[in-house]
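In what follows, every heavy atom counts, from backbone to side chain, and hydrogens, waters and symmetry copies are set aside. Nothing here was measured: the structure is a model prediction, and the numbers come from that model. When a ligand or atom number is given, it counts from 1 through the structure's own listing order.
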Amino acid sequence: MFIAHSIDDLRGHLGRFDHPAFVPTMGNLHDGHLALVRQAKPLGDVTVASIFVNRLQFLPHEDFDSYPRTWDADCAKLEDAGCDVLFAPREPDLYPTPQTCKVQPDPALADILEGQFRPGFFTGVCTVVMKLFTCVFSEAKGQRTAVFGKKDYQQLMMIRHMVAQFALPISIVGAETARADDGLALSSRNGFLSADERAEAVQLSRILQALAANVRQGAADIPALEAEAMQKLHARGWAPDYVTVRRQTDLQVPAAGEPRVVLGAAKLGNTRLIDNLEV
Ligand code: PAF
């Protein structure tokens with residue numbers, strides 16, 4: 001696996017390939033990330049992953065400093081998954097001067113759900129992804145593909161929207177959420193959970209599943225079911241931010257018959273988890 005820390009090294013190396021398939025990450029890799037790499041593999045003539053913990057998408061009180069950095073283990077896992085190129089810029093490589101020019105995502109999508117509880121989060125995500133795209137795809141001659149997990153459903157939608165609005169010649173592939181045996185969605189933040197919290201954590205997906213089953217069966221009073229799901233989490237010791245049923249196309253409140261997705265975000269102890277299920 002070729003490792004590039006600078007944009008010039010990355011571009012110099014990628015010049016010899018035609019159609020990269022790219023998986024951006026913040027490291028601390030788990031099987032969900034590796035599934036994205038494996039999914040990317042047949043989609044290009046070179047598989048590129050990035051590891052960059054992007055300060056721009058963390059609020060001042062969030063876990064930027066404590067976000068796990070597991071370089072040696074990450075490199076070994078990427079090699080194992082068949083990654084060809086790892087782009088791992090240090091902060092001054094990607095942001096040599098403060099990144100004052102930013103992507104301003106559509107507030108109708110960026111300011112709801114995750115964006116309501118993490119203001120500025122999607123500006124940070126879109127800005128770094130745009131920059132990573134220009135680094136990884138600038139030398140490409142054919143198809144350009146990037147793979148994102150559906151676990152971050154709103155993020156995937158935001159990236160698709162950005163790519164469409166800026167007419168970027170990049171295909172965005174959404175990959176199914178990888179789950180532990182008990183159903184917990186794999187996340188880098190699961191590592192923050194104590195043993196007791198880890199045992200409890202699966203309840204988020206169970207409660208979303210119960211809500212999704214009710215929606216599927218045609219339940220009429222969705223707001224009451226959302227409130228009940230929030231209450232169940234509260235009662236179990238969680239601090240939920242939202243549990244909500246939205247339409248799949250734009251995450252607004254759905255009309256009857258539209259494809260829906262159930263989304264939830266809640267804190268368990270100090271760890272904030274998110275999950276979702278398409279209905
Ligand atoms: O999903 C993530 O890990 C990050 O938000 C991403 C897409 C790598 C941007 O920093």
Side-chain angles (χ1 to χ4, degrees), residues 4 7 10 20-37 39-40 47-59 62-71 73-74 77-78 81 83 85-91 93-95 99 102-105 109-110 113-115 117-137 144-163 166 168 170-178 185-192 263 265 271-276:
I7 297 173
L10 178 74
F22 176 43
V23 179
T25 84
M26 295 206 299
N28 191 27
L29 303 178
H30 50 67
D31 286 349
H33 294 113
L34 304 179
L36 302 184
V37 172
Q39 191 159 343
T47 309
V48 185
S50 64
I51 295 180
F52 181 69
V53 184
N54 173 41
R55 188 187 293 278
L56 295 186
Q57 70 192 71
F58 288 79
L59 287 170
E62 289 185 336
D63 52 356
F64 175 78
D65 288 326
S66 60
Y67 199 84
R69 276 112 172 137
T70 49
W71 174 253
D74 287 352
K77 286 177 187 175
L78 286 172
C83 180
V85 177
L86 169 58
F87 180 42
R90 300 181 190 95
E91 210 162 287
D93 298 315
L94 203 63
Y95 300 139
Q99 185 71 26
K102 295 185 181 158
V103 176
Q104 180 60 65
L109 190 52
L113 306 174
E114 284 305 284
F117 291 92
R118 306 182 69 189
F121 172 67
F122 288 116
T123 299
V125 169
C126 287
T127 301
V128 78
V129 170
M130 178 68 100
K131 196 151 188 180
L132 292 168
F133 281 176
T134 65
C135 297
V136 171
F137 292 123
R144 300 154 176 87
T145 307
V147 183
F148 290 81
K150 282 192 188 177
K151 151 115 185 338
D152 297 296
Y153 203 86
Q154 193 176 357
Q155 168 174 280
L156 170 61
M157 189 168 285
M158 194 72 58
I159 300 299
R160 285 192 197 285
H161 191 247
M162 178 179 84
V163 163
F166 287 107
L168 302 179
I170 301 169
S171 303
I172 303 298
V173 173
E176 293 307 321
T177 301
L186 298 189
S187 161
S188 297
R189 292 192 166 93
N190 292 350
F192 291 139
L263 305 113
T271 308
R272 187 170 182 279
L273 300 178
I274 63 172
D275 199 354
N276 67 78

Do the non-hydrogen side-chain atoms of M26 and S188 ever get within less than 4.5 Å of each other?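 With C-beta onward as the side chain, the pair stays apart.
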For ligand 1 and T25, I'd like to know whether there is a polar contact (N/O to N/O, distance under 3.5 Å).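 By distance alone, the answer is no.
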I'd like to check whether Q57 has a polar contact with ligand 1, where a contact means an N/O of the residue lying under 3.5 Å from an N/O of the ligand.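 Yes; the residue has a nitrogen or oxygen that sits under 3.5 Å from a nitrogen or oxygen of the ligand.
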Protein residue, atom and distance nearest to atom 5 (O) of ligand 1, heavy-atom basis: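 Here the nearest protein heavy atom works out to Q155 OE1, 2.7 Å.
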Can you list the atoms of ligand 1 that are under 4.0 Å from a heavy atom of V128?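 Result: 9 (C), 10 (O).
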Using a distance-only test with no angle check, is there a side-chain donor-acceptor pair under 3.5 angstrom linking Y67 and N54?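 On atom types as modelled, these side chains do not qualify, holding no pair under 3.5 Å.
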R69 NZ/CZ over F64 ring centroid, <6.0 Å and within 45° of normal: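 Checked: cation-pi criterion met.
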Output yes when a side-chain donor or acceptor of D74 lies under 3.5 Å from a complementary backbone atom of G27, and no otherwise.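 A pair under 3.5 Å: no.
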